[in-house]
Amino acid sequence: QVQLVESGGGLVQAGGSLRLSCAASGRTLSVYHMGWFRSAPGKERDFVAGMSWSGGNIYYAGSVEGRFTISRDNAKNTMYLQMNSLKPEDTAVYYCAAQRGGGVYYWARRDKYDYWGPGTQVTVSS
């Protein structure tokens with residue numbers, strides 16, 4: 001299995017930027033489909049962005065497309081989520097997730113991800 005730990009969350013004003021990191025250990029990220037999810041207060045954990053194991057397929061939720069960018073550095077075994085033009089509605093706990101890459105990438109389905117980090121809080125003030 002792979003262990004995931006998020007970092008980079010914090011408090012920012014609307015319009016600001018943050019870069020979240022997801023550091024992996026135990027296994028290389030290069031064999032996993034990867035995703036970012038978030039859980040706003042009182043809401044379910046929703047898909048934010050995803051990247052297939054090869055990096056060839058990238059997906060974004062409509063609410064973040066054009067503002068967020070997912071990437072990974074396999075040499076550092078780390079995935080990133082660059083968040084620009086942040087809005088108060090982006091406030092949530094953000095989670096890094098890994099899905100075994102042996103088949104089709106179910107990029108937006110929570111139940112298909114095998115491993116999760118503990119989350120990092122992002123708060124955007126107005």
Can you tell me how far CG of Asp114 sits from NE2 of His33, rounded to the nearest 0.5 angstrom? 10.0 Å
Considering all heavy atoms, the nearest Pro88-Ser126 contact: CG-CB, 3.9 Å
A side-chain contact here means heavy atoms from C-beta on lying under 4.5 Å apart; do Trp116 and Cys96 qualify? no
Per ring pair (Phe, Tyr, Trp, His ring centres under 6.0 Å), Phe37 is matched among Tyr95, Tyr113, Trp107 by Tyr113
Do Leu20 and Glu6 make a side-chain contact, defined as non-hydrogen atoms from C-beta onward lying under 4.5 Å apart? no
Under the side-chain contact (heavy atoms from CB on, under 4.5 Å) criterion, do Gln121 and Thr91 qualify, and how do the steps go? CA-CA 8 Å; Gln121 177 70 48; Thr91 295; 4.0 Å; yes
Val31 versus Trp53: any side-chain heavy-atom pair under 4.5 Å? no
Is the shortest heavy-atom distance from the side chain of Leu4 to the side chain of Met34 under 4.5 Å? yes
Does atom CZ (Arg67) have a neighbourhood of more than 12 heavy atoms from anything else shown, all under 6.0 Å? yes
In terms of hydrophobic clustering (I, L, V, M, F, W, Y; side-chain heavy atoms under 4.5 Å; direct or indirect links), are Val2 and Leu81 co-clustered? yes
Using every non-hydrogen atom in the two residues, find where Ser52 and Tyr105 come nearest and quote the distance to one decimal. N-CE2, 3.7 Å
How far does OG of Ser7 sit from OH of Tyr94, to the nearest 0.5 angstrom? 15.0 Å
Heavy-atom distance under 4.5 Å between the side chains of Val64 and Arg38, does that happen here? yes
Less than 4.5 Å apart, side chain to side chain, heavy atoms only: is that true for Arg100 and Tyr115? yes
Indicate yes or no for a side-chain donor-acceptor contact from Asp73 to the backbone of Thr78 under 3.5 Å, with no hydrogens or angles considered. no
Please check if Met79 and Leu18 belong to a single hydrophobic cluster, counting links between Ile, Leu, Val, Met, Phe, Trp and Tyr side chain heavy atoms closer than 4.5 Å. yes
Under 4.5 Å between side-chain heavy atoms, hopping through other hydrophobics if needed: is there a path connecting Tyr80 to Leu86? no
Quickly, which of Arg27, Gln99, Met51 forms a side chain to side chain contact (heavy atoms under 4.5 Å, CB included) with Tyr32? Name it, please. Arg27
Got a donor-acceptor contact below 3.5 angstrom from the Arg72 side chain to the Leu29 backbone? yes
Would you check if the side chain of Ser30 reaches a backbone N or O of Thr28 as a donor-acceptor pair within less than 3.5 Å? no
Exercise: identify the closest heavy-atom pair between Ile58 and Ile70: CG2-CG2, 3.5 Å
Grab the two heavy atoms, one from Thr120 and one from Gly8, that are nearest each other, plus how far apart they are. OG1-N, 4.4 Å
Calculate, to the nearest 0.5 Å, the distance between atoms OH and CZ belonging to Tyr60 and Phe47 respectively. 9.0 Å
